[in-house]
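Below is one structure; the comments refer to it alone.
When a ligand or atom number is given, it counts from 1 through the structure's own listing order. Just so it is clear, the model here is predicted, and its values are computed rather than measured.
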Amino acid sequence: MTVAAAVALWHRAHLYKALACVVLTLIAIQYLLSGVLDRRSIETIFTINATRYATNNYRNHPRGLIIYGPATVASLPGNASVWPTSALSEIAIPSKSDTIPTGTSGGSAVGVPNQDASTPNTTDTTIQQRCPLIPPNLVGPVAVSLSPTEKKFTEVKPGGRGFPSNCIARHRVAIIIPYRDRPNHLQALLQTLHPILLRQQIDYQIFIIEQEGTGLFNRAMLMNVGYVEALKERTFDCFIFHDVDLLPEDDRNLYTCPEQPRHMSVAVDKFKYRLPYADLFGGVSAMTREHFRLVNGFSNVFWGWGGEDDDMANRIKARGLHISRYPANVARYKMLSHKKEKANPKRYEFLKTGKKRFTTDGLSNLKYQLVDKQKPKLYTWLLVRLTPPQPS
Ligand code: BGN
C-alpha cells in the first residue's frame, strides 16, 4: 500500500466515526424529546391550536398516540357509519385527568370493592374493576334527530341517572341544562345524550334547571343553581353545562372530567363546524367542581342573551387556568333551530367591567328559591325563581 492510500483509508475511518457520532446524537435527541412530549397531557395537546383543528383534519400527536381516524369519515357530518374498531384502540392516551380523582370522588383502587355509597354496586360482593380508559363500545359519529323515539332506556334510573353496570366509572358527572319552554329540544337532547353517556361508561345525572316566569332568561345564574343543587345530591367530580339546543354528533366526544376547563362544542353546524373565536366558552362546557368554585361560578348579572360565557372565559384566565378542547372532527354538534333571543344590550359593558366583580358576583352572592323538584325517568327537574343580585 502506498502512503497516499494509507492516508486516504485513515481519513475514511474518521469520516465513518464522525457519521456514527451524528447518528447517535440524533437518536439521543429524539429520545429526550419524546419523553417531554409524553408528559404533556391529552388536554394540553388539544389546546395548542383549536382553530387550526377547526379547519384542518386533526391527525395525530407527534408520537402517533392520538389518532381520531381517517379524515374522510370524520368530515361527514352526522354520518352514522360505525367507527372501525382498530381506530378505537388508538383514540386516547392516559393522562393525569384519566386517573380517578382523589378525595370525595367515587374512586377506589383497581380491583378493590367500591366504598362510595353513592356509587352503584356497593352491595355487590363481586370485586369490580375500574372502567377502561377507552370505553369499548363507542361508535364514532351518531345519527341525531328531532323526532321522538320509542326508546325505553332500561339502564337509566329515575332522575336521569346512569352508570356502567360492569365496571366502576372513572368520572361522576352532573350534566346541567339551563331550560325554559323548549320541550321538543329537550326530548331530542335526552334521546341523544343518554345512549352516548351510557356507552362512555360515565356515572352521570342530568339536571334540568328551569327558570320560572317570563322575565329575561339568565343562563349563567341557572348554571350556578345547577351546580349548588346537584352537589346537594352527590359530590360530583365535575359539571357539564349544556345548552338544550345542541346535540352531540359523535360519541368520541367524551363527557369526562377535564384537567382544565374544557369547551366541548368546538364545531357546530350553524357555524359551519368552525370555532367562531378562540376564547369561546359557550354552548357546552365542562369544569371540575374545584375549578368552578375557584372562579366563583358564572356571573349573575347577565340577563338576556350573550356575554356570560365570555365573562367565564375571562374568569378562567384570571385564575391561571386555560380553555382546553377536543379536536373539531370529534367535538361536533348540531344546533336545533329556534327564534333568536333578545341580546342583552349591557353585555359589552358588563364584560368590560367584569374583572372587578369576579370575587363578589357569582356563587358567592347567588340567590334563588327552589319552587319545585321532580325526578321523572330521564332527568332531575328543578323549577327555580331567580333573585337578581343587589348592585355591589
Ligand atoms: C358571542 C357572544 C357569546 C356567544 C357567542 C356564540 C357576546 C359578548 C359581546 C362580545 N358574546 O358574540 O355569548 O356564546 O357569540 O353565539 O355577545
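Residue Arg347 has at least one nitrogen or oxygen atom sitting less than 3.5 Å from a nitrogen or oxygen atom of ligand 1, judged on distance alone. At least one N or O atom of Gly307 sits closer than 3.5 Å to an N or O atom of ligand 1.
With Phe207 as the fixed residue, the ring-ring contact (aromatic ring centres under 6.0 Å, His included) test singles out one of Tyr179, Phe236, Trp381, Phe241: Phe236.
Here the protein heavy atom with the shortest distance to atom 4 (C) of ligand 1 is Asp309 OD2, 3.5 Å.
Residue-ligand proximity, Asp310 to ligand 1, at heavy-atom distances under 4.0 Å covers atoms 2 (C), 3 (C), 7 (C), 8 (C), 11 (N), 13 (O). Using a 4.0 Å cut-off to heavy atoms of Gly306, the atoms of ligand 1 that qualify are 13 (O). Of all atoms in ligand 1, numbered sequentially from 1 with element shown, those under 4.0 Å from a heavy atom of Tyr348 are 9 (C), 10 (C).
Applying the 6.0 Å contact sphere to NZ of Lys352 captures no more than 12 heavy atoms from other residues, nucleotides or ligands. Within a 6.0 Å sphere centred on CZ of Arg293, heavy atoms belonging to other residues, nucleotides or ligands number 12 at most.
Residues Asp361 and Arg315 are paired through a salt bridge, judged by an N-O separation under 4.0 Å between the basic side chain and the carboxylate.
Asn224 and Tyr368 share no donor-acceptor pair across their side chains, judged by distance under 3.5 Å alone. Between the side chains of Thr380 and Glu233, not a single donor N or O lies within less than 3.5 Å of an accepting N or O.
Here Tyr277 has side-chain heavy atoms under 4.0 Å from ligand 1, and that is the only part of it that gets that close.
Using a non-hydrogen distance threshold of 4.0 Å, Trp305 registers as a contact of ligand 1.
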